[in-house]
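Computed from a predicted structure; not experimentally measured.
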Amino acid sequence: MNDKLTSSFIGSYALVADSPAPLYKLNDLTTTWKDQLNTLSGISSVKFNGLPDQEVRVQIDNQKLQQYHLSWGQVAQAIQSQIDRVPTGDIEYNGRTFQLIVRETQKAEELNQAILTRTEEGAPVYLRDVATTELAHPQAEYFAYVGGKPAITLNIGAEKGTDVPPMSEKVNTKLKELEKTLPEGVRLETLFAQKDQVDHIFEDLKRETILAIVAVILVCMLGLNLLTSAFVALAIPISVAIAIIFLPMLGITLNQISVVGLIIVLGILVDDAVVVNDNIERRLTELGESPTDAAIKGTKEVMLSILVATLATISAFAPLLFLPGNVGAFIKPIPTIVSLTMLASMIMSLTIIPIFREWYEKRRQTRHPKGKTKPAGLLGQQIQSLNKLYSQKLMPKVIKRPLLTAMAGLMLGTAAYGLVPFTSVELFPESEDPHVALNIKMPIGTSVIETDQIVKDIAGWIKKQPETSKVVYSAGGTAPQLYSDINSSGGDIRYDETVGQIAVVGKQNIFDLDTTVDAWEQHVKKSYPGTTVTTYVPRLGVPVGKPVSIRISGQNLNQLQTLSQKVKEQIATVEGTTGIVDDIGIERYALDLQVNKQAMDQYLVSYTDLTRTLLLLKEGAKVSQFDTGNDLVDIKLYLNHSNEEPSALFQQLSVVNSAGVQIPLNQLVLVKPSFAIQQIKHYNMERTITVEADLNGRTASEAMVDVESKLAQMKFPEGYKWEVGGETSDQSTIFGDLGKLAIVVVLLILLLITMQFYSLSIPIIIMTTVYLAAAGGIIGIFLTGMPIGFMSIMGIIALAGIVVRNGIVLIEFIEDARHEGMELKEAVIRAAAARFRPILLTSLAAIVGMIPLALLGSLLFKPLAFTVIFGLLFSTFFNPVCSTIIVYDHGQVQDAPSAQKTATHGYHTRSTFVVACSEVYTVGLNPRGK
């Protein structure tokens, strides 16, 4: 089981202490933990965050260097001479081989004994005389906190397709062993365990699946006796079991999407069995056939229809396997499971059901020779009465005006499509769980220490709010992972000293993603002027871009910045927009060192010499590596200064040229203050700034209409342009791919029906059932307030596969009756009576099978469920009427010109696709000429 589609995240953990000091002593311990955890089979990544790498820090006193007439280059050379070892090989003596060993430096403090030079008096000058050496950490650039305490976070991931629950158990067992090695004052906390999320998801899905199965069985019992219902319901476990056997071979794990695929197909798995069983029942009761004849003939009579209907259902789903990108990987389990289970259900209905009915009827007739007259099922009598009302009273009336009735039904369905402009569009919804991340951005030049303090203050205020359950936060980068997010990088922020993040889990039924978060944003902006706050709410489904995203392209960076600022101002006027930012990169204060090239050449100073010298101020100049016994760490030289003004530091600093002469830095460069941009992104080989915003209370489609309208009024200079990106761009791409596949679906279904009926008109008639069902789905989306999105489109595709089945079986019966010489009117009424119960039962089974998902399921799948439910309700009422009336009207049109041909040429237009028959039939609905 795996709730991820591309990887398996096992969990997020934290090592917590009351202060950072104990945590900064854990470098060797974390290395051991990594090695131990990586020994577990299936683990792909073990990553610690918040613990800087160790280094041997050599702090140089510049005044003492000048006192001894030394350069930092000489210090670096002395350290390298102390550390570096050349392989010494071995010697042989008296038939023995002796390896020559020169022990390496064991402790960093031993470097202090390195000799740099000698004074004029001959006294040695050691490293300790001009510098201090220690094994330490560089200045921290990232701080993480759990429960208000400093923390180091641990994220563990497994290989793709890993079974999360057992892997999580193995990881937890190993962590319990390793926890015993923690020093006093440090504790291990679990922040988020994927197993808990998987258990929660599958507990809900298990409940919804059980309710769906029970509901489907109860629906079958309405029109079938208990034993028959049980055998019909066997289609569910048998088909599902067969499908699950093949899933691993196809690379599909048992995840949230695959289980939803099972729920979708539950209601239609019994369709074939119900149709076969009902047709056998009809031949037993109405035609008085023996159990053997009824089982054989009843199955053969509907076998072709069931085969074509099953292939049509598979054709509706199978093209989804060809969806590209993340969406294709996301939805792949559904068409796979539907195809496998439908094939298994078809085979079972054509074998087990007739065998059972023959055995059952022979046994029943032996015990009750006179038979039972009472209709089968809990509501058998009521269904029979409803059938008579429909077939004997309603149908004779509506076929008197077939064209008017058909047009009225189609126009009503068409009117439903008029609701689309009044329905919002959202590709995937935001998570309904009370999870949110607040991204904090401080003004330019803010140090990470100051950012840390501000983030602490804000997090402390949030923790006191009544809506808050749990808070973790960080300064300098992304906060520890506290909840599940399929868009695993969606909440990530750029690691920089001016940014921070606060991740919050709110209290159920108290925390509101709109009002609560908006109030928090307003408080932060008011209490901390100059601080920019944006929010991130995990999204369900496939990762997509920001709701509002505008790409501005051109060459001149200053012009791009000016345009991006104007675009941000326009977006800010659009209702619902919040957290407006651009991606040009975080500006920082900078010192522009303007190099005097003439002086550089005169003093024989290279740019390498210059830049390596500048590293001494903050980053450190790497000179070698030191073996701690567990790891190799860098040895870096730093200039010892007490936060002096940069201009004063540059006065002290000298660059050593190729001749070993120290050249004062101020003779080589001129320092001017400026600003620096950390990154400049490109899109299609052009410099591009992307302006993005989140939304509150509106969908991306709604807001982008207003944004595009405002931007259309802006005048962009020649050579500069803007285009839409983000969610709406992804939405257009995905909907475009679905549109192409929809055409393929329609063509495949039309081809199958054409092959069955040898007709070009009947497939179009049957496809009107899809048109009406989709109209019902749109009505359902509108009434429930759900947006039109990816899952509602999936619902319409599911409807196409379901309602086409009923249309094929219904019209096949009419065609068979016409083939036997029955009048058109009588054939239509007889088909309505014969197919009423199976259509009613199969439609109700599909509807009730989706109700648990609609009422109790995830927000991601509710649009799909409601689309199917309302589409089936609408089509169950209108499709049998409209499709039979269209057939009747079409048959009347065909009958008129063919009456004369029938008398002289034996003209006929109906043919049956039966391999055993060698006759060739013509196209149409007229009865076969005699």
In sequence, state the C-alpha distance, the side-chain angles, and the governing distance for E141 and E497, and then conclude on side-chain contact (heavy atoms from CB on, under 4.5 Å). CA-CA 6 Å; E141 297 180 348; E497 59 190 9; over 6 Å; no
Can you check whether [X] reaches [Y] side chain to side chain, under 4.5 Å on heavy atoms?
X: Q113; Y: L127; answer: no
X: L188; Y: Y13; answer: yes
X: Y607; Y: K597; answer: yes
X: R57; Y: K636; answer: no
X: T105; Y: I83; answer: yes
X: T181; Y: T32; answer: no
X: T117; Y: P124; answer: no
X: D631; Y: D53; answer: no

Decide if atom [atom1] of [X] counts as having more than 12 heavy atoms of other residues, nucleotides or ligands within a radius under 6.0 Å.
X: K470; atom1: NZ; result: yes
X: E177; atom1: CD; result: yes
X: Q63; atom1: CD; result: no
X: K170; atom1: NZ; result: yes

Show your working on salt bridge (Lys or Arg N to Asp or Glu O under 4.0 Å) between D18 and K149 and close with a plain yes or no. CA-CA 6 Å; D18 292 333; K149 303 293 184 180; 3.8 Å; yes
Residues forming a side chain to side chain contact (heavy atoms under 4.5 Å, CB included) with Q625, sequence neighbours excluded: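 In terms of side chain to side chain contact (heavy atoms under 4.5 Å, CB included), with neighbours along the sequence ignored, Q625 is linked to K622, L632, D634.
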Looking at [X] and [Y], what are the two nearest heavy atoms and their distance?
X: S654; Y: T613; value: O-CG2, 3.4 Å
X: Q667; Y: A599; value: O-CB, 3.5 Å
X: E189; Y: V146; value: OE1-CG1, 3.5 Å
X: T451; Y: T498; value: OG1-CA, 3.6 Å
X: V633; Y: V56; value: CG2-CG2, 4.1 Å
X: L616; Y: L637; value: CD2-O, 3.4 Å

Pairwise ring-ring contact (aromatic ring centres under 6.0 Å, His included) hits with a residue in residues 68-99, at least two apart: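 As it turns out, there is no ring-ring contact (aromatic ring centres under 6.0 Å, His included) pair with a partner in residues 68-99 once direct neighbours are skipped.
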Write out all pairs satisfying ring-ring contact (aromatic ring centres under 6.0 Å, His included) with one or both partners inside residues 100-156, taking only residues at least two apart or from two chains.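 Non-adjacent pairs meeting ring-ring contact (aromatic ring centres under 6.0 Å, His included): Y24-H137, Y142-Y495, Y145-Y473.
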For the side chain of [X] and the backbone of [Y], is there at least one donor-acceptor N/O pair under 3.5 Å apart?
X: S12; Y: Q481; result: yes
X: T31; Y: N27; result: yes
X: N657; Y: Y603; result: yes
X: R118; Y: A123; result: no
X: N596; Y: Q598; result: yes
X: S71; Y: V656; result: no
X: D452; Y: V448; result: no
X: Q501; Y: A479; result: yes

Applying the side chain to side chain contact (heavy atoms under 4.5 Å, CB included) criterion to T133, which one of I79, N112, I635 satisfies it? N112
Among V669, L668, V661, T611, find the residue that satisfies the side chain to side chain contact (heavy atoms under 4.5 Å, CB included) test when tested with V655.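 Of the listed residues V669, L668, V661, T611, the side chain to side chain contact (heavy atoms under 4.5 Å, CB included) partner of V655 is L668.
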How many angstroms lie between atom [atom1] of [X] and atom [atom2] of [Y], to the nearest 0.5 angstrom?
X: L37; Y: L178; atom1: CG; atom2: CG; value: 5.5 Å
X: T190; Y: L154; atom1: OG1; atom2: CG; value: 9.5 Å
X: T534; Y: N439; atom1: OG1; atom2: CG; value: 4.0 Å
X: I10; Y: I156; atom1: CD1; atom2: CD1; value: 8.0 Å
X: D61; Y: T132; atom1: CG; atom2: OG1; value: 9.0 Å
X: L639; Y: L65; atom1: CG; atom2: CG; value: 8.5 Å

Holding to ring pair (Phe, Tyr, Trp, His ring centres under 6.0 Å), I want the full list of residues that pass it with F192, two or more places apart in sequence or in another chain.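 Testing F192 for ring pair (Phe, Tyr, Trp, His ring centres under 6.0 Å), a comparison that skips the adjacent residues, returns none.
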If you apply the rule side-chain contact (heavy atoms from CB on, under 4.5 Å), what do you find for L40 with V171, and how did you get there? CA-CA 8 Å; L40 298 178; V171 168; 4.1 Å; yes
Is there a donor-acceptor contact under 3.5 Å linking the side chains of E121 and T119?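 The answer is yes; a qualifying pair exists.
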Pairing residues for K176 by the side-chain hydrogen bond (donor to acceptor under 3.5 Å, both in side chains) criterion, not counting sequence neighbours: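 Partners of K176 under the side-chain hydrogen bond (donor to acceptor under 3.5 Å, both in side chains) test: none.
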Salt bridge (charged side-chain N to carboxylate O under 4.0 Å, His left out) contacts in which one or both residues fall within residues 87-116, not counting sequence neighbours: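 Residue pairs passing salt bridge (charged side-chain N to carboxylate O under 4.0 Å, His left out), neighbours aside: none found.
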Kindly indicate, with the supporting measurements, whether the criterion side-chain contact (heavy atoms from CB on, under 4.5 Å) is fulfilled by W33 and L175. CA-CA 9 Å; W33 279 37; L175 286 175; 4.1 Å; yes
Apply the test side-chain contact (heavy atoms from CB on, under 4.5 Å) to residues V125 and I115: give CA-CA distance (whole Å), side-chain angles for both, the deciding distance (0.1 Å), then the verdict. CA-CA 6 Å; V125 178; I115 295 180; over 6 Å; no
